[in-house]
Enquirer: 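Encoded as structure tokens, here's the structure I'll be asking about.
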Amino acid sequence: MGSPPDTSKTIKMERYNSYVRRINSTKLLNASSKLLFRATLLIALVLILFFTLNYPPLFSDSSHHAPIHRHSFLSTTADFFGGASWEKQVRHSATPRRPNGFSVLVTGAAGFVGSHCSLALKKRGDGVLGLDNFNSYYDPSLKRDRQGLLAKHQIFIVEGDLNDAALLRKIFDVVPFTHVLHLAAQAGVRYAMQNPQSYVRSNIAGFVNLLEVCKSANPQPAIVWASSSSVYGLNRENPFSESHRTDQPASLYAATKKAGEEIAHTYNHIYGLSLTGLRFFTVYGPWGRPDMAYFFFTKDILQGKKIDIYQTQDEKEVARDFTYIDDVVKGCVGALDTAGKSTGSGGKKKGPAPLRVYNLGNTSPVPVGKLVSILEGLLNTKAKKHVIKMPSNGDVPYTHANVTLAHKDFGYKPTTDLSTGLRKFVKWYVSYYGIHSRVKKESEVNSEHPKGSAA
């Protein structure tokens, strides 16, 4: 009987082939995993690039329905503002459309005067970029609605704070502004008694921060900024002239505005910044501030509430030089047009630069009682008046602007009397708040107050 065949070589060969197959299978699996990982990474990078280029970052939403307090829990530094889409919006908004047009940064652009000035500049072909922090001093929804109005005219508002130096530097890196219209501030005389630090942060620290960025910009912009008639304080000379003393402020608000004028002098003297301060006198009109008397008087009269009418301690009527918004806008634009160039470069002064201050008022003081009478006629409703002595809250009893200097230097001439201006305000108010009952139709009002009649 023969011996069985030798199969050891066959078995060894099969084991070897099996080992080789396992090795190759492992290599294939590893190669496939690496290929899948690289493909996934590539797809992710492509998607990130696509969304960066085609969708604005969180803060660039220009809709006035955006959440009011987004900035309260997310940083507003340049880290959140560097996207390509954001820079494209900034440049597009700030690019002038007329030959030799300005490129203007408007701070407080969602505010009353800021929104009106932004629209006026954009409509004439200048580039306008807004900056606003949408604070809650008064209802931010009104600011959001102004923002929406500006967005319809392709004006972009960057949401951020004046004290955010990184953000300001980023904005100036993107746009070589020719001008800055600085209107952002903590407003209101009486609120200073409740929150004094807000005035220091906004009106002093914020202004200095802006000037620090402007002094280092290349080119340095010319700056027009909002001072206030409040700087005249306890001055008793009338009408108020730019040559009168302003070293007796009656409120912290007035003191911060006076401080701003002195700070402006310093930056003009050291760094060659062109600076023009505008002392506004009781500005009113459509899209106005709810904390102003004409605004809350209108609201309270329609709601049947009592309104406080102040008298001085010697029982004289309090009077204000009420200035219609359109007149103030013309003054702001005129100041920008004649501002003159800054002379510094790289933060160093090369020569003297303009330093100016002007009154922007109506030159026609009107007693507050007369204001109420006009509103009663326009609203077809009798006011419930409560006459009281003016408290010691920082208010002054009388304001009256001498605008001779502004007229001489840039043709400033107010043309709107109080009756006409209030009629336009009431028309906006009842439309904006959807009020139709009791308010006289415009045709009725026109018949009682012909165009051009004195207040």
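What you see below is based on every heavy atom in this structure, not just the backbone, and it leaves out hydrogens, waters and symmetry mates.
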Enquirer: Return all side-chain donor-acceptor pairs below 3.5 angstrom for residues 348-355, not counting sequence neighbours, or 'none' if the list is empty.
Expert:
{"from": "Lys349", "atom 1": "NZ", "to": "His269", "atom 2": "O", "distance (Å)": "3.0"}

Enquirer: Could you list all the ring-ring contact (aromatic ring centres under 6.0 Å, His included) pairs where at least one residue sits in residues 322-341, not counting sequence neighbours?
Expert: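 Listed once each, the pairs are Tyr284-Tyr324.
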Enquirer: Can you tell me if His244 has over 12 outside heavy atoms packed within less than 6.0 Å of its NE2?
Expert: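 Atom NE2 in His244 is packed in, count exceeds 12.
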Enquirer: Taking the side chain from Thr107 and the backbone from Leu183, do they hold a donor-acceptor pair closer than 3.5 Å?
Expert: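 Yes; at least one donor-acceptor contact below 3.5 Å.
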Enquirer: Drop me the distance from Asp139's CG to Arg144's CZ, to the nearest 0.5 angstrom.
Expert: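 The distance works out to 11.0 Å.
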Enquirer: Quick one: do Val175 and Ser103 satisfy side chain to side chain contact (heavy atoms under 4.5 Å, CB included)? Show the steps, please.
Expert: CA-CA 8 Å; Val175 178; Ser103 181; 3.4 Å; yes
Enquirer: Kindly indicate whether the side chain of Val208, heavy atoms from C-beta on, has any atom under 4.5 Å from the side chain of Tyr267.
Expert: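 The answer is yes, as the side chains (C-beta and beyond) meet within the 4.5 Å cut-off.
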Enquirer: Considering non-hydrogen atoms only, spot the tightest contact between Leu336 and Val180 and give its length.
Expert: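 Minimum heavy-atom contact is CD2-O, 4.3 Å.
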Enquirer: Do Tyr412 and Asn359 have a side chain donor and acceptor closer than 3.5 Å?
Expert: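 Tyr412 vs Asn359: no donor-acceptor pair found between side chains.
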Enquirer: Between the main-chain N or O of Leu371 and the side-chain N or O of Ser373, is there a donor-acceptor pair closer than 3.5 Å?
Expert: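 Such a contact is absent between Ser373 side chain and Leu371 backbone.
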Enquirer: Any salt bridge (Lys or Arg N to Asp or Glu O under 4.0 Å) involving residues 241-251? Give me the pairs, sequence neighbours left out, ordered by first then second residue.
Expert: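 Salt bridge (Lys or Arg N to Asp or Glu O under 4.0 Å) check on residues 241-251 returns Arg245-Asp247.
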Enquirer: Trp287 vs Trp428 aromatic rings, parallel, tilted or perpendicular, using cut-offs 30° and 60°?
Expert: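 If you compare the ring of Trp287 with that of Trp428, the planes turn out tilted.
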Enquirer: Side chains of Tyr398 and Asn238: closer than 4.5 Å at any heavy-atom pair?
Expert: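 Yes, side chains in contact.
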Enquirer: Report yes or no: is the cationic atom of Lys88 (NZ for Lys, CZ for Arg) closer than 6.0 Å to the six-membered ring centre of Phe156, at no more than 45° off its axis?
Expert: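 Negative - Lys88 is either too far from the ring of Phe156 or too far off its axis.
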Enquirer: Shortest non-hydrogen contact from Thr404 to Asn402?
Expert: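 Looking at all heavy atoms of both residues, the shortest contact is OG1-OD1, 2.7 Å.
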Enquirer: Over 60° means perpendicular and under 30° means parallel, so tell me whether Phe240 and Tyr232 are parallel, tilted or perpendicular.
Expert: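 Geometry flag for Tyr232 against Phe240: tilted rings.
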Enquirer: Are there over 12 heavy-atom neighbours, none belonging to Arg98, within less than 6.0 Å of that residue's CZ?
Expert: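 Yes, CZ of Arg98 has more than 12 neighbouring heavy atoms, counting only those of other groups under 6.0 Å.
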Enquirer: Counting only N and O atoms by type, is there a donor-acceptor contact under 3.5 Å from the side chain of Asp321 to the main-chain atoms of Ala401?
Expert: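 Yes, Asp321 side chain to Ala401 backbone: donor-acceptor pair under 3.5 Å.
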Enquirer: Without swapping roles, check the side chain of Thr381 against the backbone of Leu302 for a donor-acceptor pair under 3.5 Å.
Expert: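 Pair absent, no side-chain N/O of Thr381 close to backbone of Leu302.
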Enquirer: When rounded to the nearest 0.5 angstrom, what is the spacing between OG1 in Thr343 and NZ in Lys341?
Expert: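 So the OG1 of Thr343 and the NZ of Lys341 are separated by 11.5 Å.
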Enquirer: Just checking, is any N or O donor in the side chain of Lys258 or Thr246 under 3.5 Å from an acceptor N or O on the other one?
Expert: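 Thr246 and Lys258 do have a side-chain donor-acceptor pair below 3.5 Å.
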Enquirer: Would a distance-only check, ignoring hydrogens and angles, find a side-chain to backbone donor-acceptor pair under 3.5 Å from Tyr294 to Val372?
Expert: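 Pair absent, no side-chain N/O of Tyr294 close to backbone of Val372.
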Enquirer: Look at the side chain of Asp126 and the backbone N and O of Pro96, then say whether any donor-acceptor pair between them is shorter than 3.5 Å.
Expert: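 A pair under 3.5 Å: no.
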Enquirer: State whether a side-chain donor-acceptor pair under 3.5 Å links Arg356 with Tyr358.
Expert: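 Per modelled atom types, Arg356 and Tyr358 side chains form a pair under 3.5 Å.
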Enquirer: For the residue pair Ser419 and Ile374, what are the closest heavy atoms and their distance?
Expert: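 Looks like OG-CD1, 3.6 Å.
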Enquirer: Please tell me if the side chains of Ile171 and Leu129 come closer than 4.5 Å, counting only heavy atoms from C-beta onward.
Expert: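 Result yes, sub-4.5 Å side-chain heavy-atom pair found.
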Enquirer: Which pairs count as salt bridge (Lys or Arg N to Asp or Glu O under 4.0 Å) when at least one residue sits in residues 205-227, sequence neighbours excluded?
Expert: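 Non-adjacent pairs meeting salt bridge (Lys or Arg N to Asp or Glu O under 4.0 Å): Glu212-Lys215.
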Enquirer: Would a 4.5 Å heavy-atom cut-off, applied to side chains only, mark Leu121 and Ile155 as touching?
Expert: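 A side-chain contact is absent here, since even the closest heavy-atom pair is not under 4.5 Å.
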Enquirer: Whether the side chain of Thr338 engages the backbone of Gly334 through a donor-acceptor N/O pair (distance < 3.5 Å, no angle test) should be reported.
Expert: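 Yes.
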Enquirer: With a 4.5 Å limit on heavy-atom distance, are the side chains of Asp327 and Ile325 in contact?
Expert: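 Result no, sub-4.5 Å side-chain heavy-atom pair not found.
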Enquirer: Without hydrogens or angle criteria, can the side chains of Ser251 and Arg190 be said to hold a donor-acceptor pair below 3.5 Å?
Expert: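 No, Arg190 and Ser251 have no side-chain donor paired with an acceptor closer than 3.5 Å.
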Enquirer: Roughly how far, to the nearest 0.5 Å, is NZ of Lys384 from NZ of Lys305?
Expert: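 Result: 11.0 Å between the selected atoms.
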Enquirer: Where the side chain of Asn203 meets the backbone of Tyr253, is there a donor-acceptor pair that is under 3.5 Å apart?
Expert: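 Between the backbone of Tyr253 and the side chain of Asn203 there is no qualifying donor-acceptor contact (under 3.5 Å).
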Enquirer: Got Leu119 and Leu150 here, is their nearest side-chain heavy-atom distance under 4.5 Å?
Expert: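 Answer yes - side chains close enough.
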Enquirer: Quick one, Gln220 and Leu273 - any side-chain contact, counting heavy atoms below 4.5 Å?
Expert: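 Yes, their side chains come closer than 4.5 Å.
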Enquirer: Counting neighbours of NZ on Lys385 that are heavy atoms of other residues, nucleotides or ligands and sit closer than 6.0 Å, is the number greater than 12?
Expert: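 More than 12 heavy atoms, drawn from other residues, nucleotides or ligands, come within 6.0 Å of this atom.
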Enquirer: Considering only NZ, NE, NH1 and NH2 on the basic side and carboxylate oxygens on the acidic side, decide whether Asp417 and Arg423 come within less than 4.0 Å.
Expert: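 Looking at Arg423 together with Asp417, the answer is no, because their closest N to O distance does not fall below 4.0 Å.
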Enquirer: Is it true that a side-chain atom of Lys299 and a backbone atom of Pro290 form a donor plus acceptor pair closer than 3.5 Å?
Expert: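 Checked: no pair found.
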Enquirer: Carefully, step by step, assess Thr323 and Asn362 under the rule side chain to side chain donor-acceptor pair (under 3.5 Å).
Expert: CA-CA 5 Å; Thr323 314; Asn362 195 51; 5.6 Å; no
Enquirer: Kindly state each residue pair satisfying salt bridge (Lys or Arg N to Asp or Glu O under 4.0 Å) with at least one member in residues 267-292, sequence neighbours excluded.
Expert: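 Salt bridge (Lys or Arg N to Asp or Glu O under 4.0 Å) check on residues 267-292 returns Glu261-Arg279, Arg289-Asp291.
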Enquirer: Go through His153 and Lys123 one step at a time and tell me if the side chain to side chain contact (heavy atoms under 4.5 Å, CB included) criterion holds.
Expert: CA-CA 8 Å; His153 292 82; Lys123 286 179 180 178; 3.9 Å; yes
Enquirer: Between Glu87 and Lys170, does a side chain to side chain contact (heavy atoms under 4.5 Å, CB included) hold up when you go through it step by step?
Expert: CA-CA 10 Å; Glu87 289 191 11; Lys170 178 63 179 177; 2.9 Å; yes
Enquirer: Where do Val128 and Lys122 come nearest, in terms of heavy atoms and distance?
Expert: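 Distance-wise, the nearest heavy atoms are CG2-N, 3.9 Å.
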Enquirer: Which pair of non-hydrogen atoms, one from Leu275 and one from Ala264, has the smallest distance, and what is that distance?
Expert: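 That would be CD1-O, 3.2 Å.
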Enquirer: Take Val174 and Arg91 through the test side chain to side chain contact (heavy atoms under 4.5 Å, CB included) and record every step on the way to the result.
Expert: CA-CA 7 Å; Val174 175; Arg91 287 195 182 95; 3.6 Å; yes
Enquirer: Which residue pairs satisfy the ring-ring contact (aromatic ring centres under 6.0 Å, His included) criterion with at least one member in residues 168-197, sequence neighbours excluded?
Expert: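 Only Phe102-His179, Tyr137-Tyr191, Phe172-Phe177, His182-Phe207 qualify under ring-ring contact (aromatic ring centres under 6.0 Å, His included).
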Enquirer: For Gly285, does its backbone N or O pair with a side-chain atom of His116 as donor and acceptor, under 3.5 Å?
Expert: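 The answer is no, because no donor-acceptor pair under 3.5 Å joins these two groups.
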Enquirer: Any chance you could lay out the salt bridge (Lys or Arg N to Asp or Glu O under 4.0 Å) test for Glu159 and Lys143, step after step, and finish with the verdict?
Expert: CA-CA 12 Å; Glu159 184 168 347; Lys143 301 176 186 180; over 6 Å; no
Enquirer: Which pair of non-hydrogen atoms, one from Cys332 and one from Leu360, has the smallest distance, and what is that distance?
Expert: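 Distance-wise, the nearest heavy atoms are N-CD1, 4.1 Å.
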Enquirer: Quick one: does Arg320's side chain get under 4.5 Å of Val318's, heavy atoms only?
Expert: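 Side-chain contact under 4.5 Å: yes.
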Enquirer: Which distance, rounded to the nearest 0.5 Å, do you find between the OG of Ser229 and the CG of Asn235?
Expert: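 Answer for the OG-CG pair, Ser229 versus Asn235, is 11.5 Å.
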